[in-house]
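Read through the structure below, which is laid out as structure tokens, and then see the notes.
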Amino acid sequence: MARIVMKFGGTSVADLDRIHNVARHVKREVDAGHEVAVVVSAMSGKTNELVGWVQNTPKVAKADSPFYDAREYDAVVASGEQVTSGLLAIALQSLGVNARSWQGWQIPIRTDNAHGAARIMEIDGAEIIRRMQDGQVAVVAGFQGLGPDNRIATLGRGGSDTSAVAIAAAVKADRCDIYTDVDGVYTTDPRIEPKARRLKKVVFEEMLEMASLGSKVLQVRSVELAMVHKVRTFVRSSFEDPDAPGMGDLLNPPGTLICDEEEIVEQEVVTGIAFAKDEAQISLRRLADRPGVSAAIFGPLAEAHINVDMIVQNISEDGSRTDMTFTVPTGDLDKALKVLDEQKDTVGFDVIQSESGLVKVSVIGIGMRSHAGVAAQAFSALAAKGINIKAITTSEIKISILIDGAYGELAVRTLHSAYGLDKK
Ligand code: ASP
Ligand code: MG
């Protein structure tokens, strides 16, 4: 007997047929004797629709705020999950499974006060555990909790992944299964490289890199949480026949396990190639090389909520002037240039240069920590294809390379095969 949290995303509960199919997945685990709690998203497209309603309701919308009132935004957009949790409880009951729906406030899932992008502070798992031990399935509305002001708070888009992992941690589940419309995590995006393979296991740190680099399988925060609490998390498909052979396998269900490094017996050097489009590069030329300059650049950008990545500062040639290059999302380029221009006197640079439409390709793998020559391999593979590198940054487990957008897909395929990731 195990304790399992099963999470179903928007496409998995998109209509009543699919909700019925989800109920069959849940029934399979219940019939196998496991203790089960379920977390659901809203039907796919529903949250977008609700957000649109909120944005278009005020006659005089605040120009740069997407929410008219963040508390009422939360009251409206959290309703999508209320509907699916109730419907799934009904579908389960119709299959003879004892089930009850739960909203965030009923558990409660306590969050901070950041309406619209709240963080989970605490979950009282006692009642869910008691019900599970009684043989009842708790169907929990994802994406929502209760703020310190006693109002519904939502966790930011994609937040029901985080709800699921947090509940799994709170009830000390053996496994958290994230059911979605893909059957696992791949070595790269199969739409770009058809030879991409599904990974059996990915280490938390690697998944964190992949998630933050644009692989949209899981919300980044859910991976952070899984890493901190060591929640073994499976990514698997809800579209397979719930009763197909192996679907109920306790140790090796079909999908990708995201887990602690200790669970990986033989680590490959490189696990995957990630890809982020629409990057823009900004270079500040000949800026003063003295304390406080970086703070004067990146402080104001942070205040303007511009996400800066790939910061490269050169070592000054003469001790007085240096160059600084970094990337921002293309959509933020104009805003960033404006902010920087206002800092020109404080920072004391000569010129700003910028370029948009770039891509960042990243090679990820914890095996890099103990292997030399991984970066050199990437550079020669790209050189052989005539792809020019604009900037490079590295961490212990990642090499990120900035290149012209036109070569993005070629670079992904080139690196994918250079590290032997192609389907055998
Ligand atoms: N329904 C919410 C969203 O679309 C939360 C989720 O699906 O994870 O962002
Ligand atoms: Mg999602």
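In this text the structure is predicted, and so the values were computed from the model without any measurement. Read the numbers this way: they start at 1 and go in the same order the structure lists the ligands and their atoms.
- Residue-ligand proximity: Gln219 is placed with every non-hydrogen atom at 4.0 Å or more from ligand 1.
- Close N/O approach between Gly156 and ligand 1 is not found [any backbone or side-chain N/O within under 3.5 Å].
- Remark: distances from the non-hydrogen atoms of Gly80 to ligand 1 are all 4.0 Å or more.
- A donor-acceptor contact shorter than 3.5 Å links the side chain of Thr84 to the backbone of Ser41.
- For a threshold of 3.5 Å applied to N or O pairs, the pair formed by Ser160 and ligand 1 contains at least one separation below that value.
- Of the charged side-chain nitrogens involved, at least one lies within less than 4.0 Å of a carboxylate oxygen, so that Asp260 and Lys230 count as a salt-bridged pair.
- A cation-pi geometry, defined here as NZ or CZ lying under 6.0 Å from the six-membered ring centre and within 45° of its normal, does not hold between Arg197 and Tyr186.
- At least one heavy atom of Gly159 sits under 4.0 Å from some atom of ligand 1.
- Between Arg232 and Glu263 there is a salt bridge, with a side-chain nitrogen of the basic residue lying less than 4.0 Å from a carboxylate oxygen of the acidic one.
- Contact atoms of ligand 1 toward Ser41: 6 (C), 7 (O), 8 (O) (distance under 4.0 Å to a heavy atom of the residue).
- Here the closest non-hydrogen pair linking Gln133 and Glu35 is CG-OE2, 3.5 Å.
- The aromatic rings of Phe8 and Tyr179 sit parallel to each other, their planes meeting at less than 30°, with 60° as the upper class boundary.
- Nearest to atom 4 (O) of ligand 1 among the protein's heavy atoms is Arg157 NH2, 2.9 Å.
- The contact set between ligand 1 and Glu81, taken as ligand atoms under 4.0 Å from a residue heavy atom, comprises 1 (N), 2 (C), 5 (C).
- For ligand 1, the polar-atom distance check finds an N/O of Thr47 within less than 3.5 Å of one of the ligand's N/O atoms.
- The residues Arg236 and Asp177 are annotated as salt-bridged, a charged nitrogen and a carboxylate oxygen being separated by less than 4.0 angstrom.
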